[in-house]
> 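Have a look at the structure that comes next, please.
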Amino acid sequence: MAPSVVRGLALPAPLTSLIDRDAWRHPGDAVLAEVVPWFEDPLAFVRNPEQMAYASQSLDMFADDPHSAFFGVARGSTAAAPLELPWLDAEQAVLIATTRNPGDDGALALDYRTDPSDPRVVGSDFWTDSLVCRWRVVAPTFSTFVTRLGL
């Protein structure tokens with residue numbers, strides 16, 4: 001089976017497998033609260049590659065916004081120096097979960113800067129500092145994330 005590709009980035013094989021088996025499902029708010037303890041807003045998992053591509057368009061909007069520093073999203077190809085956390089590189093990320101409430105703008109993303117086959121999972125943090133969003137590591141790899149969720 002060919003890998004699913006979103007924004008030119010191949011989804012990790014474990015995610016593709018979960019999607020194919022209809023097993024890429026929200027594990028419950030209590031489980032997510034343990035895995036992403038700083039995240040205060042309820043999340044919804046983005047269910048398939050098409051929806052991931054659609055949801056991830058917001059990364060382009062934030063990266064191209066002159067006030068993108070608030071959202072912590074930029075384009076690595078135009079940055080003066082390599083982008084590192086707490087910044088998210090819009091060109092190297094795919095959103096896999098977004099806030100349930102429209103307008104909350106929080107998300108979890110695959111961050112391909114670490115490993116293109118098993119990217120780390122990062123989450124937005126609007127709560128630690130209300131003046132800026134900082135992207136934080138949720139899990140060092142997607143495989144670790146899935147294990148922590150019990151999927």
Side-chain angles (χ1 to χ4, degrees), residues 3-16 18-19 24 26-27 29 31-149 151:
S4 293
V5 176
V6 175
R7 299 169 58 83
L9 302 165
L11 296 180
L15 178 55
T16 301
L18 288 166
I19 291 169
W24 176 238
H26 192 293
D29 291 336
V31 172
L32 274 176
E34 287 183 26
V35 176
V36 194
W38 74 85
F39 214 97
E40 295 182 11
D41 293 329
L43 286 165
F45 278 23
V46 184
R47 298 293 307 254
N48 59 51
E50 295 78 20
Q51 291 175 359
M52 289 175 188
Y54 180 78
S56 297
Q57 290 175 359
S58 64
L59 296 174
D60 298 323
M61 179 184 69
F62 293 142
D64 296 337
D65 185 321
H67 305 289
S68 66
F70 175 75
F71 293 103
V73 178
R75 292 185 182 281
S77 64
T78 60
L83 289 177
E84 300 293 339
L85 291 178
W87 285 86
L88 184 66
D89 184 343
E91 298 164 336
Q92 296 295 318
V94 171
L95 297 185
I96 58 170
T98 58
T99 49
R100 279 187 220 146
N101 302 321
D104 284 348
D105 294 327
L108 300 182
L110 297 174
D111 182 356
Y112 286 82
R113 293 176 289 185
T114 55
D115 183 345
S117 64
D118 198 6
R120 71 181 162 196
V121 177
V122 296
S124 55
D125 180 356
F126 288 96
W127 303 276
T128 301
D129 180 349
S130 63
L131 298 179
V132 67
C133 173
R134 299 191 191 287
W135 290 85
R136 297 172 56 178
V137 174
V138 173
T141 63
F142 180 77
S143 298
T144 302
F145 179 65
V146 169
T147 300
R148 290 179 182 165
L149 294 178
L151 297 179

> Quick one: does any side-chain atom of R148 pair with a main-chain N or O of E34 as donor and acceptor, under 3.5 Å?
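Such a contact is absent between R148 side chain and E34 backbone.
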> For Q51 and N48, work out which heavy atoms get closest and say how close.
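It is N-OD1, 2.8 Å.
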> Please report the shortest heavy-atom distance between A109 and L88, naming the atom on each side.
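Here A109 and L88 meet closest at CB-CD2, 4.3 Å.
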> Between the side chain of S56 and the main-chain N/O of A53, is any donor-acceptor distance below 3.5 Å?
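Between the backbone of A53 and the side chain of S56 there is no qualifying donor-acceptor contact (under 3.5 Å).
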> Within the 4.5 Å heavy-atom criterion, are L151 and W24 side-chain neighbours or not?
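With C-beta onward as the side chain, the pair touches.
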> Between W38 (side chain only) and S124 (backbone N and O only), is there a donor and an acceptor less than 3.5 Å apart?
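Between the backbone of S124 and the side chain of W38 there is a qualifying donor-acceptor contact (under 3.5 Å).
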> Whether D125 and R136 form a salt bridge (side-chain N of Lys/Arg under 4.0 Å from carboxylate O of Asp/Glu) is what I want to check.
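Yes, R136 and D125 are salt-bridged.
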> Mind checking the CG-CH2 spacing from D111 to W87? Nearest 0.5 Å is all I need.
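Result: 14.0 Å between the selected atoms.
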> Please say which of S117, S4, P119 ends up in a side-chain contact (heavy atoms from CB on, under 4.5 Å) with P12.
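The residue from S117, S4, P119 that satisfies side-chain contact (heavy atoms from CB on, under 4.5 Å) with P12 turns out to be P119.
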> I'd like to check E84 versus P82 (side-chain heavy atoms, cut-off strictly below 4.5 Å). Are they in contact?
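Heavy-atom side-chain distance check passes, below 4.5 Å.
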> Looking at side-chain heavy atoms only, is the closest gap between I19 and R47 below 4.5 Å?
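A side-chain contact is absent here, since even the closest heavy-atom pair is not under 4.5 Å.
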> For a 4.5 angstrom cut-off between non-hydrogen side-chain atoms, does F145 reach I96?
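They are in contact (side-chain heavy atoms under 4.5 Å apart), so the answer is yes.
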> Between the side chain of Y112 and the main-chain N/O of R120, is any donor-acceptor distance below 3.5 Å?
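No; judged by distance alone, with no hydrogens or angles, the pair does not exist.
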> Using modelled atom types and a 3.5 Å cut-off, is there a donor and acceptor pairing between side-chain atoms of E91 and backbone atoms of S77?
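Here the side-chain-to-backbone pair exists.
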> Quick one: do R100 and D29 satisfy side chain to side chain contact (heavy atoms under 4.5 Å, CB included)? Show the steps, please.
CA-CA 11 Å; R100 279 187 220 146; D29 291 336; 2.4 Å; yes
> Considering non-hydrogen atoms only, spot the tightest contact between R134 and D129 and give its length.
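Looks like NH2-OD2, 3.6 Å.
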> What's the shortest heavy-atom distance between L43 and T99, and which atoms?
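Of all heavy-atom pairs spanning L43 and T99, the closest is CD2-N, 3.8 Å.
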> Which heavy atom of A90 sits nearest a heavy atom of A63, and at what distance?
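The answer is CB-CB, 3.8 Å.
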> What do the steps show when you test V122 against L108 for side chain to side chain contact (heavy atoms under 4.5 Å, CB included), and what is the final call?
CA-CA 6 Å; V122 296; L108 300 182; over 6 Å; no
> Just so I know, are the side chains of V5 and L11 near enough to count as touching, which here means a heavy-atom distance under 4.5 Å?
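No, too far: nothing below the 4.5 Å cut-off.
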> Could you verify whether a donor N or O on one side chain and an acceptor N or O on the other, from D118 and S143, lie under 3.5 Å apart?
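Judged by distance alone, the side chains do pair up.
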> Side chains of F39 and D41, heavy atoms from C-beta outward: is any pair under 4.5 Å?
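Side chain of F39 against side chain of D41, heavy atoms only: contact under 4.5 Å found.
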> Determine whether the aromatic ring centres of W135 and F126 lie less than 6.0 Å apart.
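Ring-ring flag for W135/F126: false, centres at least 6.0 Å apart.
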> Say whether, by atom type as modelled, one donor and one acceptor occur between the side chain of R75 and the main chain of D64 under 3.5 angstrom.
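It does not hold such a pair.
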> Taking all non-hydrogen atoms of both residues into account, name the closest pair between V137 and P140 and its distance.
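Scanning both residues, the minimum pair turns out to be CG1-N, 4.1 Å.
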> Is any side-chain heavy atom of L15 less than 4.5 Å from a side-chain heavy atom of L110?
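Contact flag for L15/L110 side chains = yes.
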> If only side-chain N and O atoms count, and only distance matters, is there a donor-acceptor pair under 3.5 Å linking T144 with T141?
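Per modelled atom types, T141 and T144 side chains form a pair under 3.5 Å.
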> Are any of the side-chain heavy atoms of R113 and L85 separated by less than 4.5 Å?
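Side-chain contact under 4.5 Å: yes.
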> As a quick check of understanding, evaluate side chain to side chain contact (heavy atoms under 4.5 Å, CB included) for F45 and L149, giving each step before the final call.
CA-CA 12 Å; F45 278 23; L149 294 178; 3.8 Å; yes
